[in-house]
There are 2 protein chains.
Amino acid sequence: MSIDEKNDRIFKALAASSRRTMLDMLKDHPQTTGELCARFPALDRCTVMQHLKVLEQADLVIVRREGRERWNYLNPLPIKEIHDRWIGPYAVQAVSLLGRLKEDLEG
Amino acid sequence: MSIDEKNDRIFKALAASSRRTMLDMLKDHPQTTGELCARFPALDRCTVMQHLKVLEQADLVIVRREGRERWNYLNPLPIKEIHDRWIGPYAVQAVSLLGRLKEDLEG
DNA sequence: CCATTATGTTATAAAAATATAACATGTCAA
DNA sequence: TTGACATGTTATATTTTTATAACATAATGG
C-alpha cells in the first residue's frame with residue numbers, strides 16, 4: 001500500500017467523531033470490544049465493530065486476541081506520521097501568519 | 001456553532017484527498033476557482049466548487065470576490081487548532097512510545 | 001457437556017458524500 | 001451593447017459510509 005493510500009485511510013478514519021472518541025477512550029488503556037460497546041449505548045454493537053475495523057485498517061488500533069476477548073490497543077504512530085508530514089507544516093504556517101498579523105498591528 | 005461541530009467540519013473537510021491537495025495548492029498563493037479547476041482535469045468544475053464549499057464551511061478557505069473572479073485563500077488556523085487540541089497530544093504520545101521502545105531495546 | 005458470553009460474518013437498509021448536467025447570473029472588453 | 005468568460009444554483013445520479021438485523025462461531029464456567 002502506498003504512502004498516499006495510508007495517509008488517506010488515516011484521515012478518513014479520523015473523519016468520524018465516534019471514531020475519534022474511541023481513540024480517546026483507548027488512549028489511557030486498551031479495552032475489549034465489549035467495553036467499548038458499553039460506552040457507546042447509542043450505537044449498535046455491529047456499528048462499533050465496523051468503526052473499529054476502519055480504525056484497524058488505518059493501523060490506528062491494534063488488536064490482540066485473548067481467549068474469547070478482543071483487546072483493542074491504540075497505536076498513535078500513524079497520527080504522528082500525518083502530523084509530521086502534513087498537519088505540522090500548516091500549523092507552523094498558521095503561527096507565522098499570526099506573527100505577521102501581530103507585526104502589522106504593532107507596526 | 002460549537003467547538004465540537006467546528007472540529008468535526010475540519011476533520012471531515014480534510015478527509016478527502018482532493019481537498020487536501022487543494023489546500024496544498026493554495027499554500028503558496030491564493031488562486032481563482034478557474035485556476036483550481038484547470039489543475040483538476042479529472043474533476044468536473046461543479047465538483048471542484050462543491051469541494052471548495054466544504055473547505056469554506058470549515059473555514060479552511062476564505063473567499064474574496066474581485067470582479068467576475070473569485071479568489072480562494074488558504075486559512076491554516078483551523079488546522080493549527082485541531083493540531084493543538086487533538087493531534088499534537090497523540091503525536092507526543094507516539095514519541096514517548098518510541099522512546100520507551102528504545103529504552104526497552106537498550107535496557 | 002451445555003448454557004452463557006464475547007465476538008465474528010453476511011446481507012441489507014438508511015444516510016451522507018461525491019460527481020455531473022442543465023440552466024442562470026454578473027462582469028469585462030471590444 | 002453584446003458576446004464571451006467566470007462563476008453560481010438547482011436538481012439528480014452515483015458511490016461510499018454508517019447503522020442494523022439475523023445468523024454463526026468459539027471460549028468460558030458451572
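Letters go in sequence order (proteins before strands), and every chain restarts at 1.
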Picking from dG8(C), dT7(D), dT18(C), the nucleotide nearest the side-chain atoms of A16(B) would be dT18(C)
Among the nucleotides dA19(D), dT18(C), dA21(C), whichever has the atom closest to the side chain of Q50(B) is dT18(C)
Is [X] touching bases, backbone alone, or none of the nucleic acid, heavy atoms closer than 4.0 Å?
X: A15(A); answer: nothing
X: T47(B); answer: base
X: S18(A); answer: nothing

Mind calculating the distance between [atom1] ([X]) and [atom2] ([N]) to the nearest angstrom?
X: K53(A); N: dT9(C); atom1: NZ; atom2: P; answer: 7 Å
X: E66(B); N: dT7(D); atom1: CD; atom2: P; answer: 11 Å
X: W71(B); N: dG8(D); atom1: CH2; atom2: P; answer: 14 Å
X: M49(B); N: dA21(C); atom1: CE; atom2: P; answer: 16 Å
X: R9(B); N: dA16(C); atom1: CZ; atom2: C1'; answer: 14 Å
X: E69(B); N: dA29(C); atom1: CD; atom2: C1'; answer: 14 Å
X: D44(B); N: dA13(D); atom1: CG; atom2: C1'; answer: 13 Å
X: R20(A); N: dT17(D); atom1: CZ; atom2: P; answer: 16 Å

- With distance as the sole test, does E35(A) use its side chain to make a donor-acceptor pair with the main-chain N or O of T32(A) at under 3.5 Å? yes
Would you tell me if any nitrogen or oxygen in the side chain of [X] comes within less than 4.0 Å of OP1 or OP2 on [N]?
X: R70(B); N: dG8(D); value: yes
X: H51(B); N: dA19(C); value: yes
X: R45(A); N: dT20(D); value: no
X: R19(B); N: dT18(C); value: yes

* Can you find an N or O donor on one side and an acceptor on the other, under 3.5 Å apart, linking the side chain of R68(A) with the base of dT5(C)? -> yes
- Which class fits the ring pair H83(B) and H83(A): parallel under 30°, tilted 30 to 60°, perpendicular over 60°? parallel
* Take L43(B) and H51(B) through the test side chain to side chain contact (heavy atoms under 4.5 Å, CB included) and record every step on the way to the result. => CA-CA 10 Å; L43(B) 294 183; H51(B) 282 309; 4.2 Å; yes
Heavy-atom nearest nucleotide on DNA chain D taken for V63(B) and for V54(A); more 5' hit belongs to V63(B)
### Query
Taking 4.0 angstrom as the limit, do D8(B) and R20(A) come out as a salt bridge?
yes
In this structure, CD1 of I87(A) is separated from CD1 of I79(B) (nearest 0.5 Å) by 7.0 Å
